**Student:** 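I have a structure here, written as structure tokens, and I will follow up with some questions on it.
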Amino acid sequence: QKEVEQNSGPLSVPEGAIASLNCTYSDRGSQSFFWYRQYSGKSPELIMSIYSNGDKEDGRFTAQLNKASQYVSLLIRDSQPSDSATYLCAVYILRNQGGKLIFGQGTELSVKP
Amino acid sequence: DGGITQSPKYLFRKEGQNVTLSCEQNLNHDAMYWYRQDPGQGLRLIYYSQIVNDFQKGDIAEGYSVSREKKESFPLTVTSAQKNPTAFYLCASGGQGGQETQYFGPGTRLLVL
């Protein structure tokens, strides 16, 4: 089992719809969770961080965390073609020699006009 | 203007050659990181440094070396021992705790001639 898993996609949604991106993680003790957006050929840019169970909203983006189910998701409302990118889920996982940020393989999102 | 810079944007390596990728940050972050990204893959940690004059191996350190002589700088050398160096190299910085958000530079794309 991978430490952080995402569906690779591509996930295709029409413009104006809600895009739902999912991520599961294996380490029950994880405390910090991040979503990054990466356009083709560019570096990742932070969208959201979330540390507590529940929802966290920032503009059109909502991150949802459920530690009991070891599940974190990102909802994008009113999706725009400019949201087309790969979305990376990252989880801070504690290990014997310290913690590390572990990335999923990313979900490719395509928003069709 | 705060941020992380990486140079060069593209780098070509000849057989048996060592090459060095530059990473500089003016965000006053204690921790710096090097990741490698292969097509369609997530990010894999090469090396990281929590404080000046100290660094630790990540998950794929073989064939790479780093130094951290200044807080602002964390150069990565890709040695001739790295047999498959073609990838997108990303430098990041963040708080010392590691659980804090990591911010990425624009990346260096390394190609083998």
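Quick caveat, the model's predicted, so the values are computed rather than measured.
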**Student:** Do any of residues 103-113 of chain B come closer than 4.5 Å to chain A, heavy atom to heavy atom, and if so which ones, in number order?
**Tutor:** Y103(B), F104(B), G105(B), P106(B), R109(B)

**Student:** Which residue out of E45(A), K42(A), Q38(A) racks up the most heavy-atom pairs below 4.5 Å with chain B?
**Tutor:**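 Looking at each of E45(A), K42(A), Q38(A) in turn, Q38(A) comes out on top.
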
**Student:** Which heavy atom in Q25(B) sits nearest to a heavy atom in L27(B), and how many Å separate them?
**Tutor:**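 Answer, listing the atom of Q25(B) first, then L27(B): OE1-N, 3.0 Å.
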
**Student:** Drop me the distance from Y87(A)'s OH to L21(A)'s CG, to the nearest 0.5 angstrom.
**Tutor:** 7.0 Å

**Student:** Which region of Q37(B), side chain (C-beta onward) or backbone (N, CA, C, O), has a non-hydrogen atom less than 4.5 Å from a non-hydrogen atom of chain A, or is it both or neither?
**Tutor:** side chain

**Student:** For the rings on Y36(A) and F103(A), is their centre-to-centre separation under 6.0 Å?
**Tutor:** yes

**Student:** Hey, is CG on N22(A) packed in by over 12 heavy atoms from elsewhere, all under 6.0 Å?
**Tutor:** yes

**Student:** So which part of L43(B) gets closer than 4.5 Å to some heavy atom of chain A, the side chain, the backbone, both or neither?
**Tutor:**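 Contact with chain A: backbone and side chain both.
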
**Student:** Which members of residues 76-90 of chain B, sorted by number, sit under 4.5 angstrom from chain A on a heavy-atom basis?
**Tutor:**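 Listed by number: F88(B), L90(B).
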
**Student:** Please check if any side-chain donor atom of N26(B) sits under 3.5 Å from a side-chain acceptor atom of E24(B), or the reverse.
**Tutor:** no

**Student:** Judged by atom type as modelled, is there a donor-acceptor pair below 3.5 Å linking the side chain of Q70(A) to the main-chain atoms of S26(A)?
**Tutor:**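 Judged by distance alone, yes, a pair lies under 3.5 Å.
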
**Student:** Against chain B, label F33(A) side chain, backbone, both or neither, depending on which of its atoms sit under 4.5 Å from a heavy atom there.
**Tutor:**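 Neither part.
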
**Student:** Is the closest side-chain heavy-atom distance between K112(A) and E15(A) below 4.5 Å?
**Tutor:**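 They are not in side-chain contact.
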
**Student:** Would you confirm whether N7(A), through its side chain, and G9(A), through its main-chain N or O, come within 3.5 Å as a donor-acceptor pair?
**Tutor:** no

**Student:** Can R36(B) and D38(B) be said to form a salt bridge (charged side-chain N to carboxylate O under 4.0 Å, His left out), step by step?
**Tutor:** CA-CA 7 Å; R36(B) 168 180 173 145; D38(B) 294 283; 3.0 Å; yes

**Student:** The test is salt bridge (charged side-chain N to carboxylate O under 4.0 Å, His left out); show your working for R77(A) and E57(A) and say whether it passes.
**Tutor:** CA-CA 11 Å; R77(A) 291 182 299 281; E57(A) 187 174 316; 3.5 Å; yes

**Student:** Hey, could you give me the OG/CG distance between S73(A) and D55(A), rounded to the nearest 0.5 Å?
**Tutor:** 7.5 Å

